[in-house]
Amino acid sequence: MTFRLEALAYPYDALEPTIDARTMEVHHSKHHQAYVNNLNAALEGVELEVDDVAALLRNLEQLPESRRTAVRNHGGGHYNHELFWESMTPGGAATPTGRLAAAIEADFGSLEALQAAFNEAGAKQFGSGWAWLVLDNGRLAVESSANQDNPISRGRTPLLGNDVWEHAYYLKYQNRRGDYLQDWWQVVNWDVVARRYEAAVSGPQELSS
Ligand code: MN
């Protein structure tokens with residue numbers, strides 16, 4: 001099996017001014033491409049019973065031990081970035097609606113409270129990593145992960161993730177990770193998050209990566 005980098009659904013400059021075009025280009029065409037290349041290299045010669053990256057991350061122990069760390073890092077990088085690109089859209093997409101909106105109200109009190117918790121998780125993640133909105137046993141929760149680790153390796157379903165590696169924001173925001181976290185909500189595609197939520201609560205089947 002060979003993984004490949006998909007084109008974005010929008011041009012590199014489409015998320016300006018929240019995320020600048022140069023950051024998007026380097027992030028997608030260099031960083032994400034490298035995760036894909038390194039994942040493929042790590043899987044060379046390995047017989048796999050699974051056919052998607054989410055299943056790989058859920059079943060790392062089934063891989064030869066010598067490949068596990070590379071697949072965790074680069075498979076995580078591939079999965080996380082696909083989810084990240086799909087979570088954004090030019091101009092953002094409204095606010096949460098339907099059952100997701102009700103769940104946010106029930107589990108956080110308000111969208112603003114969710115965003116504050118998410119931003120705090122991202123700001124407090126020491127070094128490189130991610131901030132996440134996840135579904136954990138039917139409840140929404142916010143958490144962070146280091147490096148390219150992903151909530152699915154911990155039995156949770158990721159619904160939304162923001163990349164807090166410096167490569168995601170440094171050209172425009174330099175050391176101001178908090179400003180990046182704050183501004184990022186302007187390009188979040190809540191329609192996609194709502195679809196992930198619906199899929200996660202309506203059945204055991206996993207979302208496509
Ligand atoms: Mn990244």
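Both counts, for ligands and for their atoms, begin at 1 and track the order of listing. Just so you know, these numbers use all the heavy atoms, side chains as well, and skip hydrogens, waters and symmetry mates.
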Do R196 and T157 meet the criterion of a side-chain donor-acceptor pair at a distance under 3.5 Å? no
If the Mn ion (ligand 1) is the vertex, what is the angle to NE2 of H167 and NE2 of H27, rounded to 10 degrees? 90°
Charged N-O contact under 4.0 Å between E25 and R22: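 Yes, this pair counts.
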Tell me which one of W165, Y35, F3 satisfies ring pair (Phe, Tyr, Trp, His ring centres under 6.0 Å) with H81.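 With H81 as partner, ring pair (Phe, Tyr, Trp, His ring centres under 6.0 Å) holds for just one option, Y35.
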Does H31 bring an N, O or S atom to within less than 2.8 Å of the Mn ion (ligand 1)? no
Considering only N, O or S atoms of D163, the one closest to the Mn ion (ligand 1):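 Distance check against the Mn ion (ligand 1) picks out OD2 in D163.
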With the Mn ion (ligand 1) as the point of reference, which N/O/S atom of H81 is the closest?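 Restricting H81 to its N, O and S atoms, the minimum distance to the Mn ion (ligand 1) goes to NE2.
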So which of L159, D136, V134 actually passes side-chain contact (heavy atoms from CB on, under 4.5 Å) with P151?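 When L159, D136, V134 are each tested with P151, the side-chain contact (heavy atoms from CB on, under 4.5 Å) holds only for V134.
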